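Note that this is a predicted model, so its numbers are computed, not measured. So you know, we letter chains A, B, ... as the sequences are listed, proteins then strands, and number each from 1.
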There are 2 protein chains.
Amino acid sequence: MSHSETVGVRQAQKQRTRQALLDAALGLLEEQSLSSMGLREVTRAVGVAPTAFYRHFRDLGELGVALVQESLASLHATVRAVLAEQAGAEERIDHTVAVVERYVREHPAHVRFIARERHGGVRAVRQAIAGELDRFATEVAAALKVQPVSVGWSDEDVRMLAELYVDRLVMTASAFLDVSDGEGEDSERWRAVARTARRQLRLISVGRRHWHDAVS
Amino acid sequence: MSHSETVGVRQAQKQRTRQALLDAALGLLEEQSLSSMGLREVTRAVGVAPTAFYRHFRDLGELGVALVQESLASLHATVRAVLAEQAGAEERIDHTVAVVERYVREHPAHVRFIARERHGGVRAVRQAIAGELDRFATEVAAALKVQPVSVGWSDEDVRMLAELYVDRLVMTASAFLDVSDGEGEDSERWRAVARTARRQLRLISVGRRHWHDAVS
DNA sequence: AAACTCAGAGAACGGTTGTTTACTGGATGA
DNA sequence: TCATCCAGTAAACAACCGTTCTCTGAGTTT
């Protein structure tokens, strides 16, 4: 019974407290930013000695980087699915916005963390987010490129379009979040954000279709 | 000679240290975020007793709000000029990006502050920035509305377009900033950011021109 | 010239911070 | 079974924090 344990009781418990630290930090970060959060504050929330922190992370910056991967991993998987699907432009947009909505509802803390620390005060975390969003944009670009609308587009132009989309998704998610704390998630303003997001994506989509008409 | 003094030596000196506090804070904020900056840290940078701070601001949040107005006032004035000018879409875009470039070169700290604290940890500051950008979008919307391209556009659609533009400007400014610390302001990547920004604005502009073709 | 105002100084407060050092005790592997 | 490992503990550290209270002295008003 003991030889088939995949991880061992020892390492399992270690990862449990590690995750507890990440969860507690994410919770605390809803009302402050990473650079103002205290190491002791996190360990206190978990119910563990301050020194235990060092068994898992060198400092809070390292914890932040771990949170970046945790935060973007799920979104990454979700959006990948949307990109893969074959559909008309209109349905695609509707579906994309719906996915973002759902993501904000289910992982508000993650969204807030990314939006806040994207330009935040900790260099390592900023770079981690930038890198992750970069890989994200690369993936979107690849998906856009194979669509029929993209014939005659240079790689550079596809890339700039992809970045436009990624930025919009992040901004939209953040806009949903701003509404959701203050009013409910079922308020009129929430629906207004969704409608605006769809129209903005649609406008970009229209610009994309007529790009070559106007490039002169 | 004394009766015509507009301010008085007294109030003048007060405003001088107040400005010194703002400047010192802005400087310190280049490498951290508002919620992690210490009150004493600011006064130390100015060369003044910690208690002197309270003569000017209730807390750092209030100082932050003051910084928001200072930061956006100049940009506001600059962009207002661009909006007013009569020009073709192409020149307009080039000019807009050039203005943003110049603004980032001349006020990098202000740009960083806005980008960082827009989603930062201090509620009052976030709200101040949101409010200011909202007024900003309203102004852009008004300018867009009177252009010939906008006939048949609902106010809501003009508004969503204006928000799209404002968000892009902020993102562009932030992108310039990211490049400028790391590489110079005359690097190849700087110019790449400018080119991408122009094309993104152009794509939005194309979408705008063909909006009614596709609204079905 | 005297009375008043008020920006800034100075000292002290209780509390929190990150980090170090030495330790314990249960899981682990020989 | 016994030696080893190592996640988490406990105590102490100097350094900082925001805020309060009291005081001063130069600018202002009468």
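Contact check, B:Arg44 against D:dC17: a side-chain N or O comes under 4.0 Å of OP1 or OP2. The side chain of B:Thr17 places an N or O atom within less than 4.0 Å of a non-bridging phosphate oxygen (OP1 or OP2) of C:dG8.
Here the OG-CZ distance, from A:Ser33 to B:Arg116, works out to 9.5 Å after rounding to the nearest 0.5 Å.
With rounding to whole Å, B:His56 atom NE2 is found 7 Å from C:dA7 atom P. Residue B:Asp59 contributes atom CG, which lies 11 Å from atom C1' of D:dG18 at whole-angstrom precision. Nucleotide C:dA9 holds its C1' atom 15 Å from the OH atom of B:Tyr54, rounded to whole Å. In this structure, CZ of B:Phe53 is placed 9 Å from P of D:dT19, rounded to the nearest angstrom. Distance CD (B:Gln11) to P (C:dA7): 8 Å, rounded to an integer number of Å. The distance from atom CD of B:Glu41 to atom P of D:dC16 is 10 Å, rounded to the nearest whole Å.
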Identify all pairs in which a protein N or O lies below 3.5 Å from an N or O of nucleotides 9-13 of chain D, and state each distance.
| unit_1 | atom_1 | unit_2 | atom_2 | d |
| --- | --- | --- | --- | --- |
| D:dT9 | OP2 | A:Ala49 | N | 2.6 |
| D:dT9 | O4 | A:Thr51 | OG1 | 3.4 |

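Of the candidates C:dT19, D:dG8, D:dT28, the closest approach to any side-chain atom of B:Arg10 belongs to D:dT28.
Each of B:Gly38 and A:Arg18 was assigned the nucleotide of DNA chain D with the nearest heavy atom; the assignment lying further toward the 5' end belongs to A:Arg18.
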